[in-house]
Trainee: 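Please read through the structure below; I'll follow up with questions.
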Amino acid sequence: MHYTLCDCVMDLIQNSIEAGSSHIQLNMNQSADSLEVSIRDDGCGMTDDELKRATDPFYTDGIKHKHRKVGLGLPFLIQTVTMTDGQFDIRSEKNKGTEIDIRFNLANIDTPPTGHIVSLLYQVLCFQGDYDLTAVRSLSKDGGELSYQVNRNEMLDVLGDLESAASLGLLRDFINSQEEDLLS
């Protein structure tokens, strides 16, 4: 079970990376009563049959996690969304990629807490692997919308790496400053 909505999003991004995606697009738009998340990747994708099985908690392909007998990430996410009056849609095409759209209902008392957006973005930018990720975070309030964007390859160009303590500190400071500007 995921503790926060950010945990759900992190799990999905990890799936995209493990699916061999070279580019992942993450959009997160928050309003007073909803958090809309879309994830697009160009990973290995799934056939219609694989997509149906991916939502079955008692199915795992045994390839990604050889010692697991179940795959609970998507089923728990779908259960959470369904039980809290949200929306979930997943589309996938073999060898093309996967698209996921989620609307979390923040007004439902049973919806898990959003979590820490800065930590989420920091972690998904720092996963090991050769992939690019663009994250667009936006906030709708007072009839307007504010947003910022973070791109992994641009951060690598500026910082040199995402492994040293110095570059990781600068990355966290940058994301934190963007989030503070958004929320102010």
Side-chain angles (χ1 to χ4, degrees), residues 1-29 35-81 87-104 115-137 148-164 167-168 171-172 174-175:
M1 184 65 115
H2 298 104
Y3 293 108
T4 69
L5 302 182
C6 285
D7 293 335
C8 298
V9 174
M10 186 167 44
D11 188 45
L12 295 171
I13 296 294
Q14 190 170 18
N15 286 346
S16 291
I17 295 167
E18 291 172 349
S21 300
S22 61
H23 188 263
I24 302 162
Q25 176 72 43
L26 167 65
N27 293 334
M28 299 179 71
N29 183 3
L35 175 64
E36 296 177 356
V37 177
S38 70
I39 300 170
R40 310 273 185 270
D41 72 44
D42 61 356
C44 63
M46 294 175 273
T47 64
D48 289 343
D49 188 48
E50 290 170 327
L51 184 57
K52 287 177 187 168
R53 287 183 287 168
T55 59
D56 179 349
F58 302 106
Y59 170 78
T60 181
D61 60 10
I63 297 170
K64 193 166 62 175
H65 304 287
K66 294 181 179 175
H67 302 293
R68 288 190 193 168
K69 301 289 185 212
V70 295
L72 297 175
L74 275 177
F76 274 151
L77 170 63
I78 293 168
Q79 180 185 30
T80 300
V81 169
Q87 297 173 337
F88 176 85
D89 185 39
I90 183 170
R91 298 165 304 282
S92 190
E93 188 174 342
K94 191 72 174 176
N95 301 319
K96 298 278 185 177
T98 301
E99 300 178 358
I100 298 174
D101 293 306
I102 311 163
R103 184 187 163 278
F104 295 105
H116 195 247
I117 301 287
V118 172
S119 294
L120 166 67
L121 296 178
Y122 176 82
Q123 288 183 327
V124 299
L125 291 167
C126 293
F127 280 135
Q128 294 292 316
D130 185 22
Y131 65 96
D132 189 21
L133 184 144
T134 301
V136 178
R137 160 87 163 118
Y148 66 87
Q149 177 175 313
V150 182
N151 176 270
R152 187 173 193 260
N153 281 347
E154 289 176 4
M155 291 293 106
L156 282 167
D157 287 345
V158 171
L159 300 172
D161 67 71
L162 294 176
E163 297 171 1
S164 70
S167 62
L168 292 174
L171 176 64
R172 182 175 285 280
F174 174 74
I175 299 170

Trainee: Not counting sequence neighbours, list each pair that qualifies as a salt bridge (Lys or Arg N to Asp or Glu O under 4.0 Å) and has a residue in residues 153-162.
Mentor: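 Pairs touching residues 153-162 that pass the test: none.
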
Trainee: Kindly compute the distance separating CG (Asp41) from OG (Ser92), expressed to the nearest 0.5 Å.
Mentor: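 One gets 7.5 Å once the value is rounded to the nearest 0.5 Å.
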
Trainee: Return the set of residues passing side chain to side chain donor-acceptor pair (under 3.5 Å) with Asn29 (not counting sequence neighbours), or none when no residue passes.
Mentor: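 Partners of Asn29 by the side chain to side chain donor-acceptor pair (under 3.5 Å) criterion, ordered by chain and then number, come out as Ser138, Ser140.
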
Trainee: Let me have the donor-acceptor pairs involving side chains of residues 115-130, under 3.5 Å, with sequence neighbours excluded, atom names and distances please.
Mentor:
from	atom 1	to	atom 2	distance (Å)
His116	ND1	Ser119	N	3.1
His116	ND1	Ser119	OG	2.7

Trainee: Which residues satisfy the salt bridge (Lys or Arg N to Asp or Glu O under 4.0 Å) test with Glu99, sequence neighbours excluded?
Mentor: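 Partners of Glu99 under the salt bridge (Lys or Arg N to Asp or Glu O under 4.0 Å) test: Arg40, Arg91.
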
Trainee: Using 0.5 Å steps for rounding, measure from the CG atom of Leu35 to the SG atom of Cys8.
Mentor: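 Answer rounded to 0.5 Å: 10.0 Å.
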
Trainee: What pairs with Gln25 under side chain to side chain donor-acceptor pair (under 3.5 Å), at least two apart in sequence or on another chain?
Mentor: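 Side chain to side chain donor-acceptor pair (under 3.5 Å) check on Gln25 returns Asn27.
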
Trainee: For Lys96, give me all partners under side chain to side chain donor-acceptor pair (under 3.5 Å), at least two apart in sequence or on another chain.
Mentor: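 Once residues adjacent in sequence are excluded, Lys96 has no partner under the side chain to side chain donor-acceptor pair (under 3.5 Å) criterion.
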
Trainee: Could you tell me whether the side chain of Asp132 and the main chain of Asn153 form a donor-acceptor pair under 3.5 Å?
Mentor: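 Yes, the answer is positive, given that a donor and an acceptor are paired below the 3.5 Å cut-off.
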
Trainee: Does the side chain of Leu162 reach to within under 4.5 Å of the side chain of Arg152, using non-hydrogen atoms?
Mentor: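 A side-chain contact exists here, since the closest heavy-atom pair is under 4.5 Å.
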
Trainee: With the threshold set at 4.0 Å, does a side-chain nitrogen-carboxylate oxygen contact exist between Asp49 and Arg53?
Mentor: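 A salt bridge is present here (some side-chain N lies under 4.0 Å from a carboxylate O).
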
Trainee: For Ser16 and Ser21, indicate whether the former's side chain and the latter's backbone hold a donor-acceptor pair under 3.5 Å.
Mentor: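 Between the backbone of Ser21 and the side chain of Ser16 there is no qualifying donor-acceptor contact (under 3.5 Å).
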
